[in-house]
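Each remark here refers to the structure printed beneath this line.
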Amino acid sequence: MEEIPVKVAVRIRPLLCKEVLHNHQACVRVIPNTQQIIIGRDRVFTFDFVFGKNSTQDQVYNTCIKPLVLSLIEGYNATVFAYGQTGSGKTYTIGGGHVASVVEGQKGIIPRAIQEIFQNISENPSIDFNIKVSYIEVYKEDLKDLLELETSMKDLHIREDEKGNTGIK
């Protein structure tokens, strides 16, 4: 069987302190020893990877992202797409909070990937690397380049070029 190039992971965050104080209950449960979750009473969903509320940044990175980084070093493209409603934990998983103040165990995907990519580059001085990075926020129908401060004023769009390549213009 051919390998599927897209993998989907779900990470369930623990209840926030304010949610616990308001007596909120978790609505998502992990089915032990499977890659499935239950939402509500009986809606079951299957994913390639499932990380429960006690999962660590290290587990998420090593399971889902490290293989992509190793493929990057071999010359392949890779994309990580974080999706979820406001407050679902995307920013924490991707960045780990404020990068300058994050303790090692709480570093998210981006600081870990950057560290690993540049470590590999320094270990292979005879190889010429060309790195291109984008960090795009999609909110409703709007795109924002989070690495370019001026894009709050620019109009970014997803476009296809004459060769059929999709990109942001």
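These numbers come from the heavy atoms of this one structure, side chains and all, not from hydrogens, waters or symmetry mates.
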List, one per line, each side-chain donor-acceptor pair under 3.5 Å for residues 68-84, sequence neighbours excluded.
from  : atom 1 : to    : atom 2 : distance (Å)
Ser71 : OG     : Pro67 : O      : 3.1

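- Checked by atom type and distance alone, the side chain of Glu160 never pairs as donor or acceptor with a backbone atom of Thr166 at under 3.5 Å.
- Residues Glu104 and Arg112 share a closest heavy-atom pair of O-NH2, 3.5 Å.
- In the hydrophobic cluster analysis, where Ile, Leu, Val, Met, Phe, Trp and Tyr join through side-chain heavy atoms closer than 4.5 angstrom, Val8 is grouped apart from Ile38.
- Residues meeting the side-chain contact (heavy atoms from CB on, under 4.5 Å) test with Ile131, sequence neighbours left out: Ile117, Phe118, Ile121, Val133.
- Residues Arg159 and Lys169 have side chains in contact (heavy-atom distance under 4.5 Å, counting atoms from C-beta outward).
- For Pro125 against Ser122, the heavy-atom pair with the smallest separation is CD-O, 3.8 Å.
- Val10 and Val44 fall into different hydrophobic clusters, where Ile, Leu, Val, Met, Phe, Trp and Tyr residues are linked whenever their side-chain heavy atoms come under 4.5 Å apart, directly or through other members.
- Under a 3.5 Å cut-off, the side chain of Thr63 and the backbone N or O of Val60 do not form any donor-acceptor pair.
- Among residues two or more places apart in sequence or in another chain, the salt bridge (Lys or Arg N to Asp or Glu O under 4.0 Å) test is passed with Lys53 by none.
- The shortest side-chain heavy-atom distance between Phe51 and Ile12 does not fall under the 4.5 Å cut-off.
- Applying the side-chain contact (heavy atoms from CB on, under 4.5 Å) test to Thr56 and every residue at least two apart in sequence or in another chain returns Asp58, Gln59.
- Evaluation of the side-chain hydrogen bond (donor to acceptor under 3.5 Å, both in side chains) test over residues 123-137, restricted to residues two or more places apart or in two chains, returns Gln119-Glu123.
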After noting the C-alpha distance and the side-chain angles of Lys7 and Phe49, does the key distance pass the side chain to side chain contact (heavy atoms under 4.5 Å, CB included) rule? CA-CA 8 Å; Lys7 302 281 186 193; Phe49 308 103; 3.9 Å; yes
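- Between the side chains of Glu116 and Tyr61, at least one donor-acceptor pair of N or O atoms lies under 3.5 Å.
- A donor-acceptor pair under 3.5 Å links the side-chain atoms of Gln35 to the main chain of Val50, judged by distance alone.
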Derivation and outcome, side chain to side chain donor-acceptor pair (under 3.5 Å), residues Gln36 and Thr46: CA-CA 4 Å; Gln36 296 181 315; Thr46 303; 2.8 Å; yes
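- A continuous path of Ile, Leu, Val, Met, Phe, Trp and Tyr side chains, each step under 4.5 Å between heavy atoms, connects Ile158 with Leu156, placing both in one hydrophobic cluster.
- Among pairs with a residue in residues 11-34, those fulfilling salt bridge (Lys or Arg N to Asp or Glu O under 4.0 Å) read Arg13-Glu19, at least two apart in sequence or across chains.
- Under the 4.5 Å side-chain heavy-atom criterion for grouping Ile, Leu, Val, Met, Phe, Trp and Tyr, Leu146 is connected to Ile65 within one hydrophobic cluster.
- In terms of heavy atoms, Pro111 sits closest to Gly95 at CG-O, 3.6 Å.
- Listed for the Ser88 side chain is a donor-acceptor partner under 3.5 Å among the backbone atoms of Gln85.
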Could you check Lys107 against Gln115 for side chain to side chain contact (heavy atoms under 4.5 Å, CB included), going step by step and ending with a plain yes or no? CA-CA 11 Å; Lys107 283 185 181 177; Gln115 182 178 0; 3.8 Å; yes
